[in-house]
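This report concerns only the one structure given below.
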Amino acid sequence: MQVTVADPRPRIVVAPDGTGRVAGVRCQACAEPVAYPWPACPECGGPVVAAEFGPDGVVWSATVVRIPVADRTPPYALAYVDLDDGPRVLAHLDDVAPAVGARVRLRTDTPDPHVEVIG
Amino acid sequence: MSDVAVHGVGTSHFGRAPGTDLVTLAWNAVSEALADAGPEPVDAVWVGTVFAPAGVAQRVLRAMGITRVPVVTVENACASGTTAFAEACEAVRTGRYGRVLALGVEQMSTAFDGAITPEDTDPEGATGLALPALYAMAATRYLHEGAVTPAQLAAVSVKNHAHALHNPRAQYSGRYTVDEVLASRMIADPLTLLQCCPTSDGAAAAVIGPATGGPREVGVRGVALRSGAPWGRRSPHVWGYDIVAETAADALAAAGLHAATDVDVVEVHDAFTIGEIVTTEALGLVAPGEGGKAAETGVTALGGAHPVNPSGGLLSRGHPLGATGLAQLAEIVWQLRGEAGGRQVEGARIGLVETMGGGVSALDGNACVVAVLEAP
Ligand SMILES: [Zn+2]
C-alpha cells in the first residue's frame, strides 16, 4: 500500500527578497523561537503565532557523516545552525564542514534544510 | 537505610546473536536474576525495550512461566531498561507490589544493518541525523571550545576496552592505544569506529523487593527519571548535559548525598566516547571541561579516584538498547557485593548508574535515569 506521510522537516519558504526562511512559530509568552508549526511553546506551553526565521545564522557545531544512513550516500556534512534571532536548526552543508562560528545562509532549492557559507 | 533493595540480577552474554531468539536472551537474564534473588514468584513485571516487536514482553515471559501478573512495557530510548527499574522500585516503595521483576531485552542485529536507522517521522531523523552524528556535534563543539582533545576522546575508548578485558560478558575488549583508536575508520567526524558502541543483542534483569537487611541485598538509596527540556540556544551546554545534571541532582538528593564525588563506582551511558566525558562532567564527578583529562590521566580508570565504567561500558559490553540500563545496574550490584572479579573497585560502598537516551529532535534527551545504590 502506498501512502503519503507528512514530511516532518522544517518548512523552507522563499521571502519576497528571494532568500529562504524557516516557517515556524514564536511563543507569545516567552518569545521562544520554534522551527516547526507546533500548537504550543515547547519551552513554556504558551500560545504561539506563526513566525519566519533566517535566512542567515551561525554554525554552532558540525560533522561529516561517513556511514550510509537510510537512503543517503556518505559522506555528507551536517551542522546545527543558530539562525539569527531564531531557533537552532539542523541543516546540510556543502561537502566540507565549515568551522564552528561560520556565517551561513539558508538555501531555497533543496528538500532538506541546507546552508551555504557566506562572506 | 533504604526501603527498597535489589535482591538479584542477571544478564545474557552481549554480542551479535541474530540466530538466538528473544526468549533465550531473556531467559538467560531472568533465570540468573531469579536464582540470585531466591525462588519466590514475582507480583509484577516491567519490561524495557525499544525496537522489539509488539507483544515481546508477554511472549518471552510466558515461555518461562511468568503469567497472570501485571506486565507493563516501557520505551524510553536507551534508558528503557533503567526506566523499568525505576518504576519497579517505585512500585515496591509505595507498596503496590511486593516483589517486582525488571527486564530489559533487545535484539539490534536483526533490526538494523549497521547503525540505527534514524526515525523518519522525526525532523532530524528525516534530515539524516544518525545518532553518531548527534554525539559528533557535541564532540566538535567540545573540541572548538578547547574542552577536550582528540587524544582525550580516544582515551575513553582505550580505558573502557581495557576494563572489559576482565568482563567475560562483554562483546569486545582489548588493549588499544590512543593512536589505534584515532586511526580506526571515521564514522562521524571526529568520532572513529572505536569511539562508537557496537550493534548488540542481549537482555538483563533485576528482582526488586522491600529491603530486609539481607547479606546480599543492594539498597536503592535514590532513583530519578526525567525527560529532557527543549534544547537549543538557551542552553550553554552541549546536547545531553542538562538532562543528566538535573536528573543526577534529583537522585543524589533522594539518596541524601551532597555530590557524585561521594560515590565509589559509576556506570554511565558511554554510547560514544564524548558521551562519557560530558556525563562525568554533568554528574559533577569532575569539573566542567575536565572529563577528557580525567580519562587521559586515569582518574576515571580502575584504580583511579573516580572509576567510571569498570564493566567496559557500552563501548565494550555492547548496547542492546532496552537491556543496557539493567546491565549497568547488574554491574553496580556486583561491584557493591564485591563480586566483580578482576574489575572490582576495592571497598566500593556507594554506586551510581546513569542512562540517557535521545533522538527526539529539539529535546535535550528523551529520558535520563540516575540511580544511587548502596552495598549490603
Ligand atoms: Zn514559551
Side-chain angles (χ1 to χ4, degrees), chain A residues 5-11 22 24 27 30-36 38 41-45 57-92 96-97 99-102 110-114, chain B residues 112-147 184-193 195-196 199 227-239 272 274 359-364:
Chain A
V5 298
D7 188 339
R9 292 174 293 187
R11 194 161 65 92
V22 169
C27 178
C30 77
E32 177 80 356
V34 182
Y36 309 99
W38 289 340
C41 172
E43 181 62 37
C44 77
V58 176
V59 173
W60 177 83
S61 193
T63 186
V64 179
V65 179
R66 308 279 180 182
I67 55 173
V69 174
D71 54 357
R72 294 175 186 274
T73 305
Y76 58 92
L78 294 171
Y80 274 122
V81 174
D82 287 343
L83 293 174
D84 296 342
D85 193 36
R88 180 170 294 164
V89 294
L90 180 73
H92 284 252
V96 177
V100 174
T110 58
D112 287 313
H114 198 121
Chain B
F112 301 107
D113 180 20
I116 295 172
T117 304
E119 174 55 45
D120 62 9
T121 61
D122 184 89
E124 294 182 353
T127 305
L129 187 72
L131 282 160
L134 178 55
Y135 280 89
M137 294 282 194
T140 299
R141 185 72 192 181
Y142 257 49
L143 288 167
H144 170 76
E145 292 175 351
S184 63
R185 184 162 59 94
M186 190 63 79
I187 302 297
D189 302 27
L191 300 177
T192 55
L193 180 67
Q195 302 189 54
C196 305
T199 299
S227 67
W231 176 74
R233 45 201 311 181
R234 281 193 196 217
S235 173
H237 296 124
V238 297
W239 179 85
F272 301 89
I274 185 67
V360 171
S361 60
L363 270 193
D364 187 37

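Only heavy atoms go into these numbers, but all of them, side chains included; no hydrogens, no water, no symmetry mates. Residue numbers start from 1 in every chain, and the chains themselves are labelled A, B, ... in the order their sequence lines are given, proteins ahead of strands.
Under the side chain to side chain contact (heavy atoms under 4.5 Å, CB included) criterion, B:Pro132 pairs with A:Ile67, B:Ala130, B:Ile187, B:Ala188, B:Phe272, not counting sequence neighbours. Every residue two or more places apart in sequence or in another chain that forms a side chain to side chain contact (heavy atoms under 4.5 Å, CB included) with B:His237 is listed here: B:Ser235, B:Tyr241, B:Asp242.
For B:Ala362, the part lying under 4.5 angstrom from a heavy atom of chain A is the side chain only. Using a 4.5 Å cut-off between heavy atoms, A:Cys44 does not touch chain B at all. Residue A:Ala99: no heavy atom, backbone or side chain, is found under 4.5 Å from chain B. For a residue to count as touching a neighbouring chain, one of its non-hydrogen atoms must lie under 4.5 Å from one of that chain's; by this rule A:Asp82 touches chain B with backbone and side chain alike. For B:Asp120, the part lying under 4.5 angstrom from a heavy atom of chain A is the backbone only. Heavy atoms of B:Leu193 lying under 4.5 Å from chain A are absent altogether. Interface remark: A:Val65 contributes backbone and side-chain atoms alike to the contact with chain B (heavy atom separation under 4.5 Å).
With A:Arg66 contributing its side chain and B:Thr192 its backbone, the two residues share no donor-acceptor pair below 3.5 Å.
Of the listed residues (A:Gly101, A:Ala62, A:Ala70), the greatest number of heavy-atom pairs within a distance under 4.5 Å of chain B belongs to A:Ala62.
Closest of all the heavy-atom pairs between B:Arg233 and A:Asp85 is NH1-N, 3.9 Å.
The shortest distance between side-chain heavy atoms of A:Arg88 and B:Trp231 falls below 4.5 Å. Taking 4.5 Å as the limit, every side-chain heavy atom of A:Val64 sits out of range of all side-chain heavy atoms of B:Met186.
Taking a 6.0 Å sphere around CZ of B:Arg234, one finds it holds more than 12 heavy atoms contributed by other residues, nucleotides or ligands.
Sorted by first and then second residue, the side chain to side chain donor-acceptor pair (under 3.5 Å) pairs involving residues 129-143 of chain B (not counting sequence neighbours) are B:Arg141-B:Glu145, B:Tyr142-B:Glu281.
Identified by a heavy-atom distance below 4.5 Å to chain A, the contributing residues of residues 121-128 of chain B are B:Thr121, B:Asp122, B:Pro123, B:Glu124, B:Ala126, B:Thr127, B:Gly128, in residue-number order.
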